[in-house]
Amino acid sequence: MKGSIEGWGSGAIGMTIFSGSLPATRAALEGFAPLFLTGARATLAALLAAACLVLLRQPLPGRRDLLSLGIVALGVVVGFPLLTALALQHITSAHAIVFVGLLPLSTALFGVLRGGERPRPLFWLFAALGAAAVSGFALMQGGVASPIGDLAMVAAIIVCGLGYAEGAMLTRRLGGWQVISWALLLSLPLMLVVSAWTWPGSSQAITAAAWLGLGYVSVFSMFVGFAFWYRGLARGGTATVGQLQLLQPFLGLAFASLLLHEPVSSSMIGAAAIVVLCVAMARRWA
């Protein structure tokens with residue numbers, strides 16, 4: 001019982017942290033270019049991860065793990081942050097959060113491809129309905145949203161699902177927070193070059209909100225959130241604690257409205273609700 005309670009608590013903290021990622025990214029883009037933001041957040045998170053690995057005396061990953069760590073890095077360290085930053089130049093974070101509702105399904109699909117899982121036919125039905133709900137939402141918003149932003153979000157969900165699924169397999173050997181830590185360190189050389197190459201010419205015009213956004217996505221979204229989330233899955237069980245992801249779109253919409261004062265339309269809430277329902281049913285019949 002104690003482990004279950006701790007698992008739910010840690011998972012809820014991690015999910016709440018992730019819910020603020022897109023609004024924080026949107027705020028950071030007011031002062032930083034997408035490429036610099038991607039490189040800087042990964043670099044700062046990698047330094048924090050390196051300190052934790054050294055202090056806790058974690059063993060090095062084996063050679064057989066390097067390819068999988070590279071896939072995790074491509075998906076969650078480089079791909080998702082860069083693609084969402086590019087998308088948020090064209091759409092609001094509230095609009096983008098609807099797409100995030102599909103992330104559990106994307107992860108499950110790559111779990112099938114990479115892990116050899118065989119879900120039942122109803123899983124595919126609800127997965128298709130969830131994708132159709134997001135597609136319908138994007139088409140309905142055609143007059144006020146950007147196709148470029150929508151396509152970038154779809155690509156972000158795909159690569160992040162790949163990174164999550166690969167990380168889930170690696171977690172069995174390396175541990176949860178260790179996976180994201182080693183993935184961050186693996187990407188550090190490239191991210192340092194990207195950060196230096198795209199360094200802002202002047203910091204005088206960068207607002208406090210942009211600095212806070214950069215700090216949030218670097219420390220919390222890229223590292224602390226993963227530590228709590230993976231600890232929650234380990235203590236409370238992946239199948240049970242993982243259900244907390246269903247709340248993430250709604251918390252994200254609340255953060256976008258409260259912190260950025262972005263309009264949250266009834267169509268956004270409705271689409272998010274339909275997607276969450278489809279994800280819940282797909283998991284039920286997986």
Side-chain angles (χ1 to χ4, degrees), residues 17-18 20-54 61 66-91 93 96 99-100 103 148-149 151-164 166-167 177-227 229 260:
I17 289 173
F18 290 147
S21 296
L22 289 183
T25 300
R26 176 81 176 191
L29 288 171
E30 296 296 325
F32 303 104
L35 201 55
F36 173 79
L37 180 60
T38 302
R41 66 187 283 179
T43 298
L44 293 172
L47 296 177
L48 180 60
C52 291
L53 289 169
V54 171
L66 292 180
L67 176 60
S68 290
L69 284 171
I71 294 174
V72 174
L74 176 65
V76 304
V77 177
V78 181
F80 185 78
L82 178 58
L83 288 167
T84 52
L86 292 172
L88 289 171
Q89 289 189 310
H90 303 277
I91 57 178
S93 63
F99 290 81
V100 175
L103 186 53
I148 296 176
L151 288 174
M153 280 306 304
V154 170
I157 297 305
I158 291 173
V159 297
C160 191
L162 172 61
Y164 275 4
E166 198 72 27
W177 70 268
Q178 292 91 334
V179 169
I180 188 61
S181 296
W182 290 119
L184 284 164
L185 284 182
L186 187 64
S187 64
L188 181 58
L190 174 61
M191 294 296 96
L192 276 173
V193 172
V194 170
S195 300
W197 179 46
T198 58
W199 192 273
S202 174
S203 61
Q204 295 180 352
I206 300 175
T207 64
W211 285 112
L212 287 173
L214 173 60
Y216 186 93
V217 296
S218 301
V219 176
F220 292 97
S221 300
M222 290 295 292
F223 186 73
V224 176
F226 278 101
W229 181 248
L260 301 180

Side-chain heavy atoms of Leu214 within contact of Leu37, under 4.5 Å: yes
Candidate pair Val154 and Leu83, rule side-chain contact (heavy atoms from CB on, under 4.5 Å), full reasoning: CA-CA 9 Å; Val154 170; Leu83 288 167; over 6 Å; no
Interatomic distance, Met153 atom CE to Ile91 atom CD1 [nearest 0.5 angstrom]: 6.0 Å
Flag if over 12 foreign heavy atoms under 6.0 Å of OH, Tyr164: yes
Nearest non-hydrogen partners of Val159 and Gly79, listed with the distance: CG2-C, 3.9 Å
Residue pairs fulfilling salt bridge (charged side-chain N to carboxylate O under 4.0 Å, His left out) with at least one residue in residues 45-54, sequence neighbours excluded: none
side-chain contact (heavy atoms from CB on, under 4.5 Å) assessment of Val77 paired with Val72: CA-CA 7 Å; Val77 177; Val72 174; 5.6 Å; no
Neighbour count >12 (heavy atoms, 6.0 Å) for atom CD1, Ile148: no
Straight-line distance of Leu47 CG to Cys52 SG, nearest 0.5 Å: 11.0 Å
Minimum side-chain heavy-atom gap Phe223-Ser181 below 4.5 Å: yes
Ring centroid separation Trp177 to Phe226 under 6.0 Å: no
Pairwise distance CD1(Ile158) to CG(Leu103) - rounded to 0.5 angstrom: 11.5 Å
Closest approach of Gly39 to Thr43 (non-hydrogen atoms, all atoms of both residues): O-OG1, 2.8 Å
Separation between CD of Glu30 and CH2 of Trp211, rounded to the nearest 0.5 Å: 14.5 Å
For the student: nearest non-hydrogen atoms of Gly31 and Ile206, plus distance: O-CG1, 3.7 Å
Stepwise side-chain contact (heavy atoms from CB on, under 4.5 Å) test for Glu166 and Val179: CA-CA 10 Å; Glu166 198 72 27; Val179 169; over 6 Å; no
Heavy-atom pair with the smallest gap, counting every atom of Ile17 and Phe220: CG2-O, 3.5 Å
From Phe80 atom CZ to Thr38 atom OG1, the distance as rounded to the nearest 0.5 Å: 11.0 Å
Shortest non-hydrogen contact between Leu186 and Leu69, atoms and distance: CD2-C, 3.8 Å
Separation of Leu86 CG from Leu29 CG (nearest 0.5 Å): 8.5 Å
Over all atoms of both residues, closest heavy-atom pair of Ser21 and Ser221: OG-OG, 2.7 Å
